[in-house]
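Just so we're clear, the structure is a prediction, and the values are computed from it rather than from any experiment. Reminder, nothing fancy here: chain letters follow the sequence lines and each chain counts from 1.
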2 protein chains.
Amino acid sequence: MNTKSTRDHIIDAADQLFYQQGYNHTSFADISGAVKISRGNFYHHFKTKDEILGAVINRRITNTRTLLNSWEDETHSPAQRICCFVNILITNQTKIMQYGCPVGTLATELTKLHHSAQPEAVKLFTLFREWLSGQFTQLGHADRADALAMHLLARSQGIASLASAFQDAAFVKQEVDDACAWVLSLSQEVDQKCS
Amino acid sequence: MNTKSTRDHIIDAADQLFYQQGYNHTSFADISGAVKISRGNFYHHFKTKDEILGAVINRRITNTRTLLNSWEDETHSPAQRICCFVNILITNQTKIMQYGCPVGTLATELTKLHHSAQPEAVKLFTLFREWLSGQFTQLGHADRADALAMHLLARSQGIASLASAFQDAAFVKQEVDDACAWVLSLSQEVDQKCS
DNA sequence: GTCTATAGATTGATAGAC
DNA sequence: GTCTATCAATCTATAGAC
């Protein structure tokens, strides 16, 4: 299946560059340079920069759905699944220390630019939010599942933010362990009530 | 004292615009337009955009030092002082929901741009980090004061990030209360050991 | 110190040949 | 589908008159 279309290559390159350099700072020349096509050809596939952004966000939404489903398939307990989420910070540590969280940094940038695609970018957050909320419900905290989801989402955002500012891998490890322990404590809380 | 120099006015305007629009997206025309001076006059005061950025960061560092000192003067217990820090999220809620945290968003942007002033921007984080670390030491947690400082810094960053993404004031209130309760629990932990 | 005028590069975007 | 050539706007930055 090495038949990726030029359009797909453009989205690939734009996805990476938007993450690494930011949306605003990435020019058509940057993207067409990375794909090794002319700027003219570029406009055959995407009329405006916003159009590429939309395609990139849609791709990220699809990829996120796939990721969440894979966690659903590979693990058995909700606590394990939530820890899968927290562990993205370890899995993607190198990139996160260089460029921050791809979801958070894009949303922040689009908010500042008053960009019309901001709500679309926030959908990526919502995907994680609703999924986490579902896991916390399964964990036995249906009454405050959404608040717990937002709390964990905020913690992971904070860890990513400081990780990229201070370039501190030990801090990430510490905070991830801390967050997983917190998830476990929420799980045991329910066990105690049942016993 | 209404004798603010043009230079000061430029730094004022740049400070606000860098926060609201981001550094990269703010042009000389934006700044000179806000100060109502010509672009030519502008260059009399600052030769390059990086020079303005340096001045803005220096001003923010000075302002942060003043803020931290005021907390030191106005409150009596370290737990109270730490809660002063957490409460910035309430005090500046409107702006944070619009533009995020001024410290975090600038550091993130400069990191992505590989900008030479990134370490200077991170100094703003370090100021809070060291101050918080000192407060946690006074609270009786000298052994892990820096880790606690980083933890709280990360939490506030995460809250600011999600606040601007979701525009959710109730979430900010909830998380701030949560964080203050956490600080209080750390304070009582020590009281119990002493009694 | 403030202004106008302008250079030189880069930007997003278009037209049209192959 | 891919290319070259080009436009109009905007950007950082400079020169020089007042």
Original post:
OP1 or OP2 of C:dG1 less than 4.0 angstrom from a side-chain nitrogen or oxygen of B:N41, does that happen here?
Top reply: no

[X] and [Y]: side-chain donor and acceptor closer than 3.5 Å?
| X | Y | value |
| --- | --- | --- |
| A:E72 | A:W131 | yes |
| B:S161 | A:Q157 | yes |
| B:D50 | B:H115 | yes |

Whole-Å distance between [N] [atom2] and [X] [atom1]?
| X | N | atom1 | atom2 | result |
| --- | --- | --- | --- | --- |
| A:H9 | D:dG1 | NE2 | C1' | 14 Å |
| B:D8 | C:dG1 | CG | P | 12 Å |
| B:I10 | C:dG1 | CD1 | P | 11 Å |
| B:H45 | C:dC3 | NE2 | C1' | 12 Å |
| A:I37 | D:dT4 | CD1 | P | 11 Å |

**OP:** Would you indicate whether B:K49, at its atom NZ, is surrounded by more than 12 heavy atoms from other residues, nucleotides or ligands within a distance under 6.0 Å?
**Re:** yes

Original post:
So does A:R65 have more than 12 non-hydrogen atoms from other groups sitting under 6.0 Å from CZ?
Top reply: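 Counting neighbours around CZ of A:R65, 12 or fewer heavy atoms of other residues, nucleotides or ligands fall under 6.0 Å, so no.
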
Could you go over nucleotides 11-14 of chain D and give all protein N or O partners under 3.5 Å, atom names and distances?
unit_1: D:dT12; atom_1: OP1; unit_2: B:K49; atom_2: NZ; d: 3.3
unit_1: D:dT12; atom_1: OP2; unit_2: B:F28; atom_2: N; d: 2.9
unit_1: D:dA13; atom_1: OP2; unit_2: B:K49; atom_2: N; d: 3.1
unit_1: D:dA13; atom_1: N7; unit_2: B:Y43; atom_2: OH; d: 2.9

**OP:** Report the nucleotide, chosen from C:dT2, D:dG1, D:dT4, that has the shortest atom-to-atom distance to any side-chain atom of A:H44.
**Re:** D:dG1

Original post:
Relative to each other, are the rings of A:Y99 and B:H114 parallel, tilted or perpendicular (30° and 60° limits)?
Top reply: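 Taking B:H114 first and then A:Y99, their aromatic rings stand perpendicular (interplane angle over 60°).
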
